[in-house]
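These notes are about the structure you will find just below.
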Amino acid sequence: MSGSNHISRRDFIKVTTGAIGGFIAGVLGIPSIAYMISPALREDKAGKPMPIGKLEDIPIGTPHPFSFTITKVNGWERTAASYGGFILRKSEDPNDILVLSSRCTHLSCRVNWNETAGAFLCPCHDAKFSKEGEVLDGPPPEPLGHFTHEVDAEGYITIIPVEQKAG
Amino acid sequence: MTDETKKKINAKYERELLHGERFWPDSLFKDAIVALGIFIFLVLLATFVGVHDSPKADPSDTSYVPRPEWYFLFLFKFLALYGQIPVFGKIEWVATVLIPGIAIGLLTLLPFIDKSPQRYYAKRAMPIAIMTIMVLGMVLLTMTADVPTVAADGSGLLGNLQTVAGLIVPSLAYIAFVGMAYTLKENAVRAIAWTTALAAALMIGFTAATLALYQPAAVAVIEIPTTLADQIVAGQDLYSVHCVECHGDDGKVEEITGVEGLEGKKISIISSKDVLYTVNDASMAEIIAYGRPDSGMNPFGKAYNPEGLTRSEIDYVVTFMRYTWDDRFEAPYIAPLYPPLAEGEVPSYSVHIEPIVKRYCISCHRPGKDNNNYLMTSYEELLTTGDNASHNLISNDPTSYLLQVIQQIPITDPASGEELIGVMPPNKALKPEIVEVFVRWVQAGMPK
Amino acid sequence: MRSTLWQKLFSWLDERLGLNDAYKNLLDRPEPKGNWWNTLGSASLFLFILQAVTGIFLTVYYTPSPDHAYDSIQYIMTEVQFGWLVRGIHHWSASLMVIVVFIHMLRVFFTASYKYPRELTWLIGIGLLLLTVGMGFTGYLLPWHQMAYWATTVGTQIAGSVPFAGEFILKSLRGGPDLSALTLQRFFAAHIWILPALLVALIGVHLYLIIRHGESHFPDKED
């Protein structure tokens with residue numbers, strides 16, 4: 001048998017049996033991977049513009065906290081989640097505004113504005129950010145994120161509720 | 001069993017092994033082929049047949065007819081037949097517990113009941129006969145599971161046929177087997193085989209007669225909306241029938257008009273942020289199901305009204321409201337109500353008018369509502385019913401009452417000057433393009 | 001003889017795992033001449049493995065609560081990639097498994113393979129048949145649709161007709177007098193933990209007994 005170009009019946013059925021096993025495992029296995037990672041492949045929706053306040057109510061020079069709630073459809077559940085941030089009016093100019101996220105760029109704890117320190121402090125790992133979101137101290141790798149915003153004719157500020165990277 | 005017999009059995013097995021095969025790869029090869037066949041069969045079933053779900057469980061819907069999974073149907077049918085037996089039929093646990101219990105017990109203890117070392121078929125006529133009749137009975141009972149034991153007209157024919165096929169013939173056969181085994185001893189094989197064949201033929205015959213005589217009622221297939229878009233559309237259709245009457249097609253009605261018993265009632269705008277942001281899906285479903293009687297909201301759930309909405313249906317209505325009015329939700333693409341009309345295209349009832357009527361009119365224009373007896377649930381009704389049937393729709397006549405009222409012109413009685421029919425729909429005018437569809441339809445002579 | 005890295009690895013593993021012995025005892029066994037009816041047992045095992053695999057995948061999304069069970073399955077069917085395939089296979093192979101296991105039992109019955117020395121194999125086989133039906137019964141409720149709900153209401157009521165202990169059995173099955181969240185949860189637990197654990201244990205013994213006694217041969221006039 002060895003040396004012959006013909007494979008024996010025995011070898012043939014061995015190979016076929018193995019191939020059938022492999023085929024079933026493959027037809028079941030590959031879709032299963034797609035099945036498992038399916039939610040991860042979903043694109044996040046940009047979300048609708050969210051009103052977060054009126055220009056005239058916001059003091060100039062200090063970060064002013066705001067929050068908004070968006071509803072997300074996760075699988076079979078519709079959940080409302082609150083997010084927050086700070087609006088900083090740098091000057092009287094209605095367009096000179098920075099809308100910062102309160103999510104620390106280190107590990108996503110929520111930063112707070114501390115008036116005495118004159119900085120955003122993160123309660124988790126003592127990170128410190130400047131008024132404009134620059135890293136002053138601590139572990140964060142990059143400045144605070146911000147939201148794209150718009151001010152309409154009546155002075156209402158709306159944001160697109162998707163955090164943008166600084167820069 | 002003596003040691004000698006055991007030795008004989010083992011020796012015979014050793015001889016069989018000598019001209020046998022190898023587990024790997026000979027047997028496993030066959031196993032693999034069968035596994036492959038099964039696997040392909042299952043994938044085909046999953047792909048082309050799919051899974052047919054019924055609507056969401058609704059404990060308040062007592063109208064639902066329970067059916068067990070198919071492999072319990074024979075037991076289900078057996079219980080129904082057994083229940084027809086006079087006197088004994090009332091002792092339920094005999095059929096539910098005792099008989100299945102004995103059957104399973106006998107099956108389990110089989111090797112200890114049938115202790116003879118003989119394995120060849122002809123030497124085991126009795127067990128084979130008993131099992132054959134048992135399995136045949138199970139198959140036949142499963143096949144007749146849908147046939148009622150007691151017909152609606154009270155005739156017991158079908159029930160009797162089934163009882164003969166499913167209970168009497170097998171019981172008689174079993175008695176005969178035991179009798180033959182005792183009286184004929186060694187010669188029983190042939191007799192048992194013939195009895196089995198006869199009993200089987202009778203059982204199959206009576207079952208065939210049952211199935212031939214039985215006319216199955218048409219079963220309404222319930223289509224279940226599965227995608228979000230389908231659910232929204234289903235919800236909108238239900239909303240159109242049940243809710244538009246009071247709340248209007250956009251949910252903006254604040255004061256009910258034209259509804260008997262609730263005339264002038266002040267209600268909340270259900271499409272407002274106040275309602276949508278503060279009432280979650282579950283609460284909204286409860287409000288629809290149980291109503292808010294003090295605020296004028298009637299209950300729509302099955303618990304109060306056998307013709308009301310099921311759990312699933314209420315969920316669809318809530319989904320519709322969320323995705324249509326709640327600005328925090330983005331609705332998926334939904335096909336338009338009717339295909340838009342091209343320049344000069346003639347609309348037809350089935351393609352254009354029916355969906356429009358279903359959404360905007362049918363909530364009031366259906367039986368049991370205050371609507372001048374004008375029903376709009378079918379083409380014929382649309383043309384022929386109502387107190388003003390002769391004026392409602394006249395071919396190519398722009399003064400048809402229907403056309404006037406949807407164009408915000410109330411119909412007045414020429415004699416008394418009294419208003420006969422108010423504008424329709426009473427709470428909000430139809431969009432101009434929808435009115436246009438009606439106008440063109442009447443112009444063309446109301447084609448079906 | 002040159003020994004490659006693979007051969008070295010194999011012999012290292014063989015010394016510790018006994019791969020060659022395992023091959024000889026488990027795979028390279030002699031068997032009597034069989035035919036296609038002999039594949040029913042392995043087909044049952046194949047279906048069980050298929051059910052286990054697809055079942056495990058289903059639990060990734062399925063939620064055993066009356067509020068979400070139905071919606072989570074709708075989600076699997078419409079939103080999750082290949083969810084329809086995984087559930088479709090699980091659904092259909094449940095029915096098929098009942099058929100195959102039952103026919104396997106009939107094959108053993110008609111060839112009288114349950115006799116000496118395989119009495120225990122039969123006993124365990126009946127246990128496996130009942131557990132399979134139990135899996136079907138508990139699994140049927142999980143989608144929490146109308147058919148499931150009402151079929152289980154009637155099915156558990158049948159258990160409730162046992163004289164004297166009926167009421168107690170009914171409540172133990174349902175986790176209370178009515179079908180509720182508790183029923184769904186305990187059927188789920190039975191379906192994914194209790195019954196499969198018993199099945200695996202019994203399948204193990206069943207297979208051990210088959211290897212120990214070998215597959216039975218088809219009887220001829222001598223038997």
Please report the shortest heavy-atom distance between [X] and [Y], naming the atom on each side.
X	Y	answer
A:Cys104	A:Ala127	SG-CB, 4.3 Å
C:Phe109	C:Trp122	N-CZ3, 4.2 Å
A:Ala119	A:Leu136	CB-CD1, 4.2 Å
A:Phe129	A:Gly133	CD2-O, 3.5 Å

Between C:Asn38 and C:Phe218, does the side chain to side chain contact (heavy atoms under 4.5 Å, CB included) criterion hold? Intermediate values first, please. CA-CA 10 Å; C:Asn38 290 96; C:Phe218 281 87; 3.0 Å; yes

Interface moiety of C:Val86 toward chain A, non-hydrogen atoms closer than 4.5 Å: side chain

Cut-off 4.5 Å, heavy atoms of chain A, and the answer for C:Ile49 is neither

Identify every side-chain donor-acceptor pair in residues 99-108 of chain C under 3.5 Å, counting partners at least two apart or on other chains, and give the distances.
{"unit_1": "C:Arg107", "atom_1": "NH1", "unit_2": "C:Thr111", "atom_2": "OG1", "d": "3.3"}
{"unit_1": "C:Arg107", "atom_1": "NH1", "unit_2": "C:Ser113", "atom_2": "OG", "d": "3.3"}

Residue selection (most heavy-atom pairs with chain A, distance under 4.5 Å) from C:Val53, C:Ile89, C:Leu85, C:Leu58: C:Leu58

With distance as the sole test, does C:Asn25 use its side chain to make a donor-acceptor pair with the main-chain N or O of C:Asp21 at under 3.5 Å? yes

Is there a donor-acceptor pair closer than 3.5 Å between any side-chain N or O of C:Gln7 and the backbone N or O of C:Thr4? yes

Using a heavy-atom cutoff of under 4.5 Å, enumerate the residues of residues 179-194 of chain C that contact chain A, numbered in order, or state 'none'. none

Please walk me through it: do A:Phe66 and A:Ile157 pass side chain to side chain contact (heavy atoms under 4.5 Å, CB included)? CA-CA 11 Å; A:Phe66 72 92; A:Ile157 309 170; over 6 Å; no

Are A:Leu100 and A:Phe120 close enough, and set up right, to give a side chain to side chain contact (heavy atoms under 4.5 Å, CB included), and what steps lead you there? CA-CA 11 Å; A:Leu100 289 170; A:Phe120 291 108; 3.7 Å; yes

Go through chain C and chain A and list any donor-acceptor pairs closer than 3.5 Å, backbone and side chains both.
{"unit_1": "C:Phe57", "atom_1": "O", "unit_2": "A:Tyr35", "atom_2": "OH", "d": "2.8"}
{"unit_1": "C:Tyr61", "atom_1": "OH", "unit_2": "A:Tyr35", "atom_2": "O", "d": "2.7"}
{"unit_1": "C:His68", "atom_1": "NE2", "unit_2": "A:Glu77", "atom_2": "OE2", "d": "3.1"}
{"unit_1": "C:Glu79", "atom_1": "O", "unit_2": "A:Arg42", "atom_2": "NH2", "d": "3.2"}
{"unit_1": "C:Glu79", "atom_1": "OE1", "unit_2": "A:Arg42", "atom_2": "NH2", "d": "3.2"}
{"unit_1": "C:Gln81", "atom_1": "N", "unit_2": "A:Ser38", "atom_2": "OG", "d": "3.3"}

Going by the rule side chain to side chain donor-acceptor pair (under 3.5 Å), which residues pair with C:Asp220 if we only count those two or more places apart in sequence or in a different chain? B:Lys12

